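Take a look at this one; I'll ask things after.
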Number of protein chains: 2
Amino acid sequence: MSAEEESASLAPQIQNSPNTATSKVTIYDIAHAAGVNASTVSRALGKKGRTAPRTQKLIEDIATELGYRVNPFARALPTGRTYLLGLIVGNVVDPSFLDVIRCAESTATAHGYNLILVGTPEAPEKEIATIQRIKGGVDGLILADPLMCDDQLREMSRDTPLVVIDRQTEGIPCVVPDVKKGVREAIRGLRENGHRKVAFVSGARDSWMSTRIGAEVQDACEWSGMEAIGIPSREPTVEGGRLTARNVVASGATAVLTCNDLLAIGLMQELQAASITVPDRMSIVGFGDAVGSVYTTPQLTTVRWNRGQTGTNAINLLVEILDASGTPARAVHLDTEVVIRGSIGRQNNAPSWLEVEAHD
Amino acid sequence: MSAEEESASLAPQIQNSPNTATSKVTIYDIAHAAGVNASTVSRALGKKGRTAPRTQKLIEDIATELGYRVNPFARALPTGRTYLLGLIVGNVVDPSFLDVIRCAESTATAHGYNLILVGTPEAPEKEIATIQRIKGGVDGLILADPLMCDDQLREMSRDTPLVVIDRQTEGIPCVVPDVKKGVREAIRGLRENGHRKVAFVSGARDSWMSTRIGAEVQDACEWSGMEAIGIPSREPTVEGGRLTARNVVASGATAVLTCNDLLAIGLMQELQAASITVPDRMSIVGFGDAVGSVYTTPQLTTVRWNRGQTGTNAINLLVEILDASGTPARAVHLDTEVVIRGSIGRQNNAPSWLEVEAHD
DNA sequence: CTGAAAGCGCTTACAG
DNA sequence: CTGAAAGCGCTTACAG
């Protein structure tokens with residue numbers, strides 16, 4: 001007896017919650033209960049103000065009482081709007097991408113959309129196939145660092161509302177970090193610390209980000225009369241970073257900037273394993289402020305921007321396009337800043353050949 | 001002229017790709033082209049074998065030629081199956097959750113489902129509200145570490161096919177790590193290293209995982225004649241870990257196990273900042289093998305299990321339930337193992353009071 | 001094996 | 001302001 005009472009009082013919000021039953025409540029049920037036509041219910045629940053205030057309220061009350069939820073698919077059929085947004089990503093290695101996803105999701109929800117997450121193999125054709133597969137079921141897409149070429153991308157965007165992140169292509173709305181600013185600041189910092197020769201570790205494939213960062217490193221170095229040396233990596237991971245260590249050392253550079261933090265972390269590990277002290281003998285600057293860049297010893301100096309903002313802005317841009325179709329493609333640039341941590345230092349021990357050259 | 005040729009050859013797969021046009025191809029278009037009824041098209045494309053081999057092939061050919069894609073919403077309406085699965089997560093701080101998401105997505109795709117990701121505020125009612133909002137649009141749900149009570153969970157699962165991860169509740173299908181095994185191994189390892197007093201840093205709220213780990217630490221310590229001391233944290237993050245350092249030291253324990261790796265990392269940082277050497281003066285064992293646990297110095301010893309398997313198994317379980325409704329609730333236990341890294345060591349410098357006690 | 005028909009739950013001109 | 005009707009694209013008994 002008392003047990004029954006207890007179980008009854010344990011979950012009152014469930015017992016009382018409207019329509020616990022599995023049966024689906026439709027607008028016809030509401031129409032019936034309210035004594036109006038289903039179309040009136042549709043109007044009352046949808047475009048407000050097209051219905052008499054009294055009926056409006058009556059219908060709304062009945063709807064909540066019955067626990068009515070619009071069937072999104074039934075709605076999608078006549079309207080063509082699914083209120084689903086797709087986020088398509090390749091092989092994301094960087095864990096800070098979780099921020100992008102999380103913020104994209106919450107922003108989508110705030111706009112009344114749901115986010116469907118789709119992974120795609122890292123190959124242009126697969127990417128296109130994935131998009132084809134998915135696009136019929138969503139109102140718009142966000143493409144993270146897509147591999148397809150510019151023309152394919154533009155072709156796609158004629159077909160489907162779409163926003164690209166971490167890549168800028170003429171004619172396509174996108175969200176990218178302000179690479180130039182970040183790199184310039186980083187290079188300036190290195191110069192002030194006496195560095196004159198900087199290595200740049202690029203990503204395996206020529207992603208927009210890697211290419212962009214490399215170009216800006218080149219540019220910034222030229223501007224400040226420094227030498228820049230490009231060093232490719234095999235993969236944009238910690239392991240890939242380790243593998244570049246030899247080449248980085250062999251390059252004769254005293255500082256190195258990598259196109260992402262994982263590379264920087266791997267590089268640091270490998271250098272330390274070879275007793276090459278960081279930053280005394282090699283300064284390291286990462287890019288992206290990945291989770292984990294503060295766990296290293298020394299902590300990693302890196303070019304940071306708000307990854308969450310990437311997700312938020314991408315969704316906002318997409319929703320904007322969806323709402324007012326015909327919006328011109330817009331590029332959102334996210335501010336970057338250099339976070340100075342322990343991995344960079346003064347270049348004191350100029351190698352002798354440098355002085356020799358100076359005498360030439 | 002040559003430029004035109006070039007642009008034409010640049011993206012042949014696009015030019016040739018079937019139905020580049022935006023217009024939607026329906027089964028009626030195919031039916032018209034094939035000279036059959038739409039219902040026949042539906043059968044040919046859907047349940048195979050219910051149509052003459054010749055018509056079958058004819059229809060399939062026309063379908064691919066026209067670039068037909070089934071409209072998932074039109075299908076969902078009569079069948080009630082959306083081929084959408086929801087993954088509902090609270091405030092996920094651990095970046096290794098990206099593995100869960102990624103594997104869940106790819107497994108869902110392999111089964112012909114798409115994954116919709118939904119974040120929810122960390123409060124039982126909000127959680128339930130989120131589920132209510134979402135459940136009409138998906139075939140089933142995966143709940144990551146939900147906050148609602150057991151009864152609410154069971155109530156929900158009557159309503160909607162659902163699988164829970166990182167929590168075990170009687171009557172609910174779930175995927176959890178084998179906590180007992182991992183903790184036992186860890187404690188045994190500590191004992192063999194001479195430790196006799198172990199602190200356990202729990203999560204802020206009593207998540208199933210934290211509670212479970214704590215209980216097993218207690219149990220394992222009793223079994224091996226060791227002392228276990230529980231220390232709550234304010235939040236299950238790096239910062240939260242830092243804040244527990246004082247209490248951990250004050251506890252007199254020589255080793256500490258935390259309910260996740262972030263706590264362990266923060267704790268290590270704070271101890272080191274106070275010149276308390278790890279592992280010489282304090283051994284640390286994490287839980288979860290989070291990204292970043294290998295970036296610390298020393299690297300973190302932790303209880304690991306395959307996070308990706310969590311996502312994979314959860315989806316498999318859910319799809320299994322969806323396919324054969326009426327399957328009994330099943331709990332999948334993922335194997336765990338202790339990964340020994342530098343953060344644990346021998347307890348050599350037994351404090352004097354220990355010896356004093358021994359003489360008592 | 002195939003066609004004609006009804007229906008899934010909603011929206012939206014079109015009348016009134 | 002409201003109702004009756006048609007239609008979104010598909011599926012599935014039901015006949016034949």
Side-chain angles (χ1 to χ4, degrees), chain A residues 19 21-60 62-63 66-84 112 114 133-139, chain B residues 19 21-60 62-63 66-84 112 133 135-139:
Chain A
N19 185 41
T22 311
S23 67
K24 306 286 179 188
V25 181
T26 72
I27 56 170
Y28 292 96
D29 299 320
I30 299 175
H32 181 76
V36 298
N37 189 275
S39 50
T40 304
V41 176
S42 175
R43 274 187 292 258
L45 265 27
K47 14 205 77 185
K48 316 271 173 168
R50 301 192 126 293
T51 223
R54 290 192 41 188
T55 357
Q56 176 83 27
K57 171 126 177 54
L58 177 66
I59 290 172
E60 281 172 354
I62 296 180
L66 262 44
Y68 169 78
R69 309 256 156 201
V70 64
N71 179 327
F73 309 103
R75 172 191 289 178
L77 209 39
T79 61
R81 307 256 338 216
T82 65
Y83 291 95
L84 247 30
N114 281 317
R133 177 171 70 77
I134 228 70
K135 75 174 180 198
V138 300
D139 290 342
Chain B
N19 184 40
T22 312
S23 66
K24 307 285 179 189
V25 181
T26 73
I27 55 171
Y28 291 96
D29 300 320
I30 299 175
H32 181 75
V36 298
N37 189 277
S39 50
T40 304
V41 176
S42 176
R43 275 188 291 260
L45 265 26
K47 12 206 80 181
K48 315 272 172 165
R50 302 191 125 294
T51 223
R54 290 192 41 188
T55 359
Q56 176 83 28
K57 170 127 178 56
L58 176 66
I59 289 173
E60 281 173 354
I62 296 180
L66 262 43
Y68 170 77
R69 310 252 155 205
V70 64
N71 180 327
F73 309 103
R75 172 190 290 179
L77 208 38
T79 62
R81 308 255 339 215
T82 65
Y83 290 95
L84 248 30
R133 179 171 68 77
K135 74 174 181 198
V138 299
D139 291 342

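All values derive from a computational prediction rather than experimental measurement. All chains are named by letter (A, B, ...) in the order of the sequence lines, taking the proteins before the strands, and each is independently numbered beginning at 1.
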Atom pair distance, as rounded to whole Å: CZ in A/R69 and P in C/dG9: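 Checked: the CZ to P distance equals 17 Å.
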
Below 4.0 Å: OP1/OP2 of D/dC8 and any side-chain N or O of B/T26: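 Result: no.
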
Protein-nucleotide distance (A/I59, atom CD1; D/dC1, atom P), rounded to Å: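 Whole-Å distance recorded here is 13 Å.
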
From B/I27 atom CD1 to B/S39 atom OG, the distance as rounded to the nearest 0.5 Å: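 Rounded to the nearest 0.5 Å, the CD1-OG separation comes to 8.0 Å.
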
Can you give the donor-acceptor pairs under 3.5 Å from side chains of residues 51-59 of chain A to other protein atoms, not counting sequence neighbours?
from, atom 1, to, atom 2, distance (Å)
A/T55, OG1, A/A52, O, 3.1
A/Q56, NE2, A/A44, O, 3.0
A/Q56, NE2, A/E60, OE2, 2.8
A/K57, NZ, A/D61, OD1, 3.2
A/K57, NZ, A/D61, OD2, 2.8

Whole-Å distance separating the CG atom of A/L77 from the P atom of D/dG9: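 Nearest whole value for this atom pair: 7 Å.
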
Any residue of residues 28-43 of chain A with a heavy atom less than 4.0 Å from an atom of DNA chain C: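 Within residues 28-43 of chain A, the residues near DNA chain C are A/Y28, A/S39, A/S42, A/R43.
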
Range-with-range stems for DNA chain D, at least three Watson-Crick or G-U pairs under 3.5 Å: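 Output for stems: C:1-3 with D:14-16, C:5-12 with D:5-12, C:14-16 with D:1-3.
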
Between CG on residue A/N114 and OH on residue A/Y83, distance to nearest 0.5 Å: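 The CG atom of A/N114 sits 12.0 Å away from the OH atom of A/Y83.
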
Inter-residue atom distance A/I134.CD1 - B/R69.CZ, 0.5 Å rounding: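 Spacing of CD1 (A/I134) from CZ (B/R69) equals 10.0 Å.
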
Point-to-point distance, once rounded to the nearest 0.5 Å, from CZ of B/F73 to CG of B/L84: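 Going from the CZ atom of B/F73 to the CG atom of B/L84 covers 7.0 Å.
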
Presence of B/Y83 side-chain N/O under 4.0 Å of D/dC10 phosphate oxygens OP1/OP2: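 Checking D/dC10 against B/Y83, no side-chain N or O comes under 4.0 Å of OP1 or OP2.
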
Upstream residue (5' side of DNA chain C) when B/P78 and A/G46 are each assigned their closest nucleotide: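 Final value for this comparison: B/P78.
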
Where A/G137 and B/P72 come nearest, the two heavy atoms and their spacing: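 Closest heavy-atom pair between A/G137 and B/P72: CA-CG, 4.0 Å.
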
Sole candidate of B/V36, B/I30, B/V41 that passes side chain to side chain contact (heavy atoms under 4.5 Å, CB included) when paired with B/I62: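 For B/I62, the side chain to side chain contact (heavy atoms under 4.5 Å, CB included) check succeeds only for B/I30.
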
Gap between atoms OH and P, on B/Y68 and D/dG9 respectively (whole Å):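 B/Y68 atom OH is separated from D/dG9 atom P by 10 Å.
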
Whichever of B/T79 and A/T51 has its nearest DNA chain D nucleotide further upstream toward 5':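 Mapping each residue to its closest nucleotide by heavy atoms, the 5'-most match is A/T51.
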
Rounded distance in Å - CD1 (B/I27) to P (D/dC8):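 Atom CD1 in B/I27 sits about 12 Å away from atom P in D/dC8.
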
Worked verdict on A/V70 versus A/L45 for side chain to side chain contact (heavy atoms under 4.5 Å, CB included): CA-CA 9 Å; A/V70 64; A/L45 265 27; over 6 Å; no

Protein-nucleotide distance (B/K24, atom NZ; D/dG9, atom P), rounded to Å: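 For the pair B/K24 NZ and D/dG9 P, the rounded distance is 10 Å.
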
Integer-rounded Å distance: C/dC10 P and A/F73 CZ: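 Interatomic distance, CZ of A/F73 to P of C/dC10: 12 Å.
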
Whole-Å gap separating P (C/dC10) and CG (B/N71):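 Rounded to whole Å, this separation is 17 Å.
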
